[in-house]
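Chain identifiers are assigned alphabetically (A, B, ...) following the order of the sequence lines, protein sequences preceding nucleic acid strands; residue numbering begins at 1 within each chain.
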Protein chains: 2
Amino acid sequence: MVKLNSPAPGGMQARGSNRDDLRQGNLSTLLEYVYKNNSISRSDLTSATGLNRSTISDLVGELVELKLVSESESPQLRRVGRPSVNVSIADNIFTITVAPRHHSTTISAVGMNGTVASRIRIATPIHPSPEQVCDAVEQGIGQIRSQLKKGYKLVGVAVAISGQVDVRNNSVRICSMLKWVDVPFGSLLQERLRMPVWVDNDGSLACLAESSFGAGRGFSDIIYLFGGAGGIGGGVVIDNQLVRGSRGYAGELGHIRIMDSRSVDSLGLAGTLEALVNRDDLAHALGLDDPEDDDLSRAILSATTPRAVRLIEKKIQALGYALATLVNIFNPQVILLSGFLQPLYQANDYSLLSKMRQNAVAGSREHVQIRTTELGGRILEIGGAQLAFTDLIANPAQAKFY
Amino acid sequence: MVKLNSPAPGGMQARGSNRDDLRQGNLSTLLEYVYKNNSISRSDLTSATGLNRSTISDLVGELVELKLVSESESPQLRRVGRPSVNVSIADNIFTITVAPRHHSTTISAVGMNGTVASRIRIATPIHPSPEQVCDAVEQGIGQIRSQLKKGYKLVGVAVAISGQVDVRNNSVRICSMLKWVDVPFGSLLQERLRMPVWVDNDGSLACLAESSFGAGRGFSDIIYLFGGAGGIGGGVVIDNQLVRGSRGYAGELGHIRIMDSRSVDSLGLAGTLEALVNRDDLAHALGLDDPEDDDLSRAILSATTPRAVRLIEKKIQALGYALATLVNIFNPQVILLSGFLQPLYQANDYSLLSKMRQNAVAGSREHVQIRTTELGGRILEIGGAQLAFTDLIANPAQAKFY
DNA sequence: TTCTATTTGTTGCCTGTGCCAACATAAACC
DNA sequence: GGTTTATGTTGGCACAGGCAACAAATAGAA
């Protein structure tokens, strides 16, 4: 169960807890269980939390009063004993997730129950200004509001940026895709919409989603790597906690250096993973011009020309070096590969694994797995929703909606 | 305040808390404050924890009854108002820390108040067997027991290994210095001594010590790098938590790859930080044969021959690449350099900083500092003590002594 | 010295949280 | 229909921390 740490009180000391914190903490724990499982029986909650039946009853009652969950008759379980009441997450709580891209911005409503209730793509000028994206978001949310069933509640807006984001103040340090530099986008959007806004790096959000609801489920130490047209991004989960670093810039895994080379990456750094394992190179060698992900993937897996095969092998070797470095640093349980890194792994999993193992220290290399990801196009929406629901789950009693 | 997570329930879900957990948690928080500050007034505890005066009074009373702390008249503070009672950590609680090396093993008694009460070095055969080290430890503890003041209490033994340690079961995966492979040293020693034993990597322990009591104090995201005769080790603290990875092998920062090279490190990996930034190379270029740390340091800082200067600069460049990779991955606030990496930094801090900045992403490179470490030869003793006191601090009421 | 202001320790009472035990309820099984 | 099993419900209880009033110990001013 991967967590985001709430508004980190930087360097602050641990405080004591009083009875109120106890209650809030338990409410939060329960709500988190219900959220992660979507629906769970009261008796499962008792055994999972170790709390008393009567306490669970009381706590769930409060969550029902807060209209965050609802109780329903249990489905037929064919088990001895009185059937337990089922607790489900409310179906009218949504978050808005926003993904701005070159010339369009996608705005979605994601329910707390995991469903994407509505998705709208709004065209913008190429390299839109922050204001133009704000416009698109405002317009999109207007449309979404009219589409959602009456009685809906919004918790806020999560924005996934393909670039470096200072999560302390929700501002974009650099986003090459949008050509933004030092844009306090969170504040801008928040002022416009008058509801909470969270901004984060897309790699971190994808990692969060995949580790809680995808291929990383059940692991506590995870490395996630994504290869796309814009380069290689990623995220790291350590001890069930997303690694953000001091300002949120952590996880720039595409820019780790692995060898001497003249090739540079999107930031101009030479010899990095992103510089050496490059989508355009592959597409070119495979005779494709700006291919869709699926087409590139198929082409990689069915490559036959010596040139293409050699290049693919070279990329696999480079990726193997990078994975070894990451394994040495983190000792993860699993590495999740996504985007065009996925077909690279599938093209020759043995080669990738052995390269990684050859360059990793004994202890760490032994039990690490490589896996492909499970969540498809919804990944950013799921990750964004997780970000946006974090506050609500940490403090159910203080929930505010818009 | 850097923490070790207690006996991590791997992948286990969060449990609910009851009133008893509340009490234990507050006791633990208080004891941690007293431990970290060695001595602190009750009124400071009130403001730090946010708990009520009367509650603090009650909790401290319990800690006094448990004989974990003692109260004393406050020193003259020359402040208005009734002077607050001072709470000090008990001076009779010790941990044993053990550092096995090539041909000797150091055994120390470290007080909970931070003092090294006793230190004994016992010679062993070169590359001692686990049993021989156990013998040395047993003998050392015997001597230490006779030296300590009557009424002492031991919490257990912390062992610092210069190699890979599986912290889940306290066994040594590989230690090249001792030529150990897969030695369940924790169990062996525990059976012999009949008291709790914790084993950990020396880099992690040093990182822990330096981040809580040394140059990393006050930072939440720290990278620690140590250069010694055996190679380069390190540790990472993220969000006030030591990064251990799934089994405890994380933090092998010497083995991250940075460029193409035929040079190999102590594990036979080519092109890694440890392969390229090598103590022997430096010593040789400076005309020294197996120098002491201080002599090497002085020689580096006063190098004049073109060959030595060139080599030093080359090492600095390589270190800069490695730091950039680490900065990109972690977005730390501070990097702590120790051992012979310290004089490298001091020899040309500008060069190291700029190399690192050139190869790091914009956001992360901007606010990161490089510092030298503060704790000297006592670092492993302090780190080991911290490891050994973790359980006691997490559960003051269940304290057991030996 | 004496008085005031200020801060902290102490005490008794209160609130409310989770636990517990007894009972009620709803299913499966015989 | 009775028994067994598991869960929901209820009222009372234990106890942790908050609170307010009072006591105590200091600095500073008169």
Rounded to whole Å, please give me the gap between CG in D20(B) and P in dA14(D). 16 Å
Does the side chain of R23(B) get closer than 4.0 angstrom to OP1 or OP2 of dG17(D) through an N or O atom? yes
Test side-chain contact (heavy atoms from CB on, under 4.5 Å) applied to V167(A) - qualifying residues, sequence neighbours left out: V165(A), D200(A), R244(A)
For a quick test of your reading: what N or O donor-acceptor pairs under 3.5 Å do the side chains of residues 393-402 of chain B make, sequence neighbours left out?
none

Under 3.5 Å, which protein N or O atoms sit close to an N or O of nucleotides 8-10 of chain D? Give each pair with its distance.
{"from": "dG8(D)", "atom 1": "OP1", "to": "S84(A)", "atom 2": "OG", "distance (Å)": "2.7"}
{"from": "dG8(D)", "atom 1": "OP1", "to": "V85(A)", "atom 2": "N", "distance (Å)": "3.1"}
{"from": "dG8(D)", "atom 1": "O4'", "to": "R82(A)", "atom 2": "NE", "distance (Å)": "3.4"}
{"from": "dG8(D)", "atom 1": "O4'", "to": "R82(A)", "atom 2": "NH1", "distance (Å)": "3.3"}
{"from": "dG8(D)", "atom 1": "O4'", "to": "R82(A)", "atom 2": "NH2", "distance (Å)": "3.4"}
{"from": "dG8(D)", "atom 1": "N7", "to": "R53(A)", "atom 2": "NE", "distance (Å)": "3.2"}
{"from": "dG8(D)", "atom 1": "O6", "to": "R53(A)", "atom 2": "NH2", "distance (Å)": "3.1"}
{"from": "dT9(D)", "atom 1": "OP2", "to": "R42(A)", "atom 2": "NH2", "distance (Å)": "2.6"}
{"from": "dT9(D)", "atom 1": "OP2", "to": "S57(A)", "atom 2": "OG", "distance (Å)": "3.4"}

Salt-bridged, E374(A) to R217(A), with N to O below 4.0 Å? no
I want to confirm an ordering. Mapping L59(B) and D44(A) to their closest nucleotides on DNA chain D, which one lands closer to the 5' end? D44(A)
Between dA5(C), dA27(C), dG18(C), which nucleotide gets closest to the side-chain atoms of V80(B)? dA5(C)
Any residue meeting side-chain contact (heavy atoms from CB on, under 4.5 Å) with P83(A), in chain and number order, not counting sequence neighbours: S74(A)
Using the side-chain hydrogen bond (donor to acceptor under 3.5 Å, both in side chains) criterion, which residues pair with R42(A)? Sequence neighbours excluded. S57(A), E71(A)
Side-chain donor/acceptor contact of R19(B) with base of dT17(C) under 3.5 Å: yes
With sequence neighbours excluded, residues passing side-chain hydrogen bond (donor to acceptor under 3.5 Å, both in side chains) with R168(B): D166(B)
I want to confirm an ordering. Mapping G81(A) and T55(A) to their closest nucleotides on DNA chain C, which one lands closer to the 5' end? T55(A)
Taking OP1 and OP2 of dG17(D), is either one under 4.0 Å from a side-chain nitrogen or oxygen of N26(B)? yes
